[in-house]
Amino acid sequence: MACEVDGQRLEDMEFLLFFLLLIDAGGDTTRNLLASGLNAMLDHPDQLAWLKADLPGRLPAAREELLRWTTPVIYMRRTARADAELGGKTIRKGDKVVMYFGSANRDPGQFDRPDRLDLSRARNEHIAFGNGPHVCLGQHIARIEIDAMLVEVLSRLEDVERTAPPEWLASNFISGPRTMPVRFRAGRRVG
């Protein structure tokens, strides 16, 4: 394999681990967003009804709100590369810093009524995909996958209901249901 990053050749194992990261990160996060998002909409049937009333027109705002609300990645840890001050606290070069995505995505200084699921939320600058130099490279394909799955599920399945409470993953890094039994009636695809 001949692959370079910034002029440096990647070793075979580095190259393979990079692809493992892409597959794992994209699969786990998108799958858990979809399951957690459906769970959230079942908890808020008014929001689900609002979305289904105009699925093509309302899907972009709803997708972004589900990303904010469910936040599949729980945290990310980084090492400070320079001294800095954040929120009145001094961070020294070499300190470990942890960002909790769910906390940031429920920040009342950033979001109006942050503890309310609002699929019509117009201003939604969530950080479910990270930000800056660490932003998720796959966020654009993730949005396409999320939209495709939500259109198929919400336009084909009628009367979706949980038959048991979800069982959540035993993870402190990725959040989502391990299992979420549902029943539904098959409907006709709309659109």
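Hydrogens, waters and symmetry mates play no part in the numbers below; they use all other heavy atoms, side chains included.
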Can you pull the side chain to side chain donor-acceptor pair (under 3.5 Å) pairs that have at least one residue in residues 37-52, sequence neighbours excluded?
N39-R162, D43-R162
Check whether any side-chain heavy atom of V160 lies under 4.5 Å from a side-chain heavy atom of M41, and answer yes or no.
no
Counting only heavy atoms not in R81, do more than 12 sit closer than 6.0 Å to its CZ atom?
no
Suppose clustering is done on Ile, Leu, Val, Met, Phe, Trp and Tyr with side-chain heavy atoms closer than 4.5 Å. Which residues sit in the same group as I144?
none
Residues 98-107 vs side chain to side chain donor-acceptor pair (under 3.5 Å), sequence neighbours excluded, gives T71-N105
Among L66, L48, L59, the one residue meeting side chain to side chain contact (heavy atoms under 4.5 Å, CB included) with L119
L66
Distance from R9 atom CZ to E14 atom CD, nearest 0.5 Å?
9.5 Å
Say whether, by atom type as modelled, one donor and one acceptor occur between the side chain of R121 and the main chain of D112 under 3.5 angstrom.
yes
Taking side chain to side chain contact (heavy atoms under 4.5 Å, CB included) as the criterion, tell me which of L67, I74, I127 meets it with F101.
I127
Interatomic spacing from CG in D118 to CZ in R68 - rounded to 0.5 Å:
8.0 Å
With sequence neighbours left out, write down each residue that passes ring-ring contact (aromatic ring centres under 6.0 Å, His included) with F184, or none if nothing qualifies.
none
Which atom names give the shortest non-hydrogen contact between W69 and R116, and what distance separates them?
CZ3-C, 3.4 Å
Residue pairs involving residues 178-187 (criterion salt bridge (Lys or Arg N to Asp or Glu O under 4.0 Å); sequence neighbours excluded)
D159-R185, E161-R183, E167-R178
Looking at K96, I'd like to know if its NZ atom is crowded, meaning that more than 12 non-hydrogen atoms belonging to other residues, nucleotides or ligands lie closer than 6.0 Å.
yes
Give a yes or no on whether M149 atom CE has more than 12 heavy-atom contacts from other residues, nucleotides or ligands under 6.0 Å away.
no
Please answer: with hydrophobic residues joined when any side-chain heavy atoms are less than 4.5 Å apart, are M76 and V97 in the same cluster?
no
Which atoms form the tightest heavy-atom contact between A104 and F111, and what is the distance?
O-CE1, 3.6 Å
In this structure, OG1 of T70 is separated from NE2 of H126 (nearest 0.5 Å) by 9.5 Å
Within one Ile-Leu-Val-Met-Phe-Trp-Tyr cluster: L33 and L117, side-chain cutoff 4.5 Å:
yes
Closest non-hydrogen atoms of P181 and P165, given as atom of the first, atom of the second and distance, are CD-O, 4.4 Å
Of all heavy-atom pairs between N32 and G176, which one has the smallest distance, and what is that distance?
OD1-CA, 3.6 Å
Is it the case that atom CD in Q8 sees more than 12 heavy atoms from other parts of the structure closer than 6.0 Å?
no
Is there a path from I146 to V73 through hydrophobic residues (I, L, V, M, F, W, Y) whose side chains come within less than 4.5 Å of each other?
no
Do any pairs count as a ring pair (Phe, Tyr, Trp, His ring centres under 6.0 Å) and have a residue in residues 140-176, sequence neighbours left out, and if so which ones?
Y75-F173
Would a hydrophobic clustering, with Ile, Leu, Val, Met, Phe, Trp and Tyr connected at side-chain separations under 4.5 Å, put V151 with L157?
yes
Correct closest heavy-atom pair for L169 and I174 would be CD1-O, 4.0 Å
Atom CD of E64 and atom CZ of R143: how far apart are they, to the nearest 0.5 Å?
4.0 Å
Roughly how far, to the nearest 0.5 Å, is the OG atom of S175 from the CG atom of D28?
11.5 Å
Value for CD (E145) from CG (D147), rounded to nearest 0.5 Å, stands at 10.5 Å
Mind checking whether V153 and V182 sit in one hydrophobic cluster, side chains of I, L, V, M, F, W, Y counted as touching below 4.5 Å?
yes
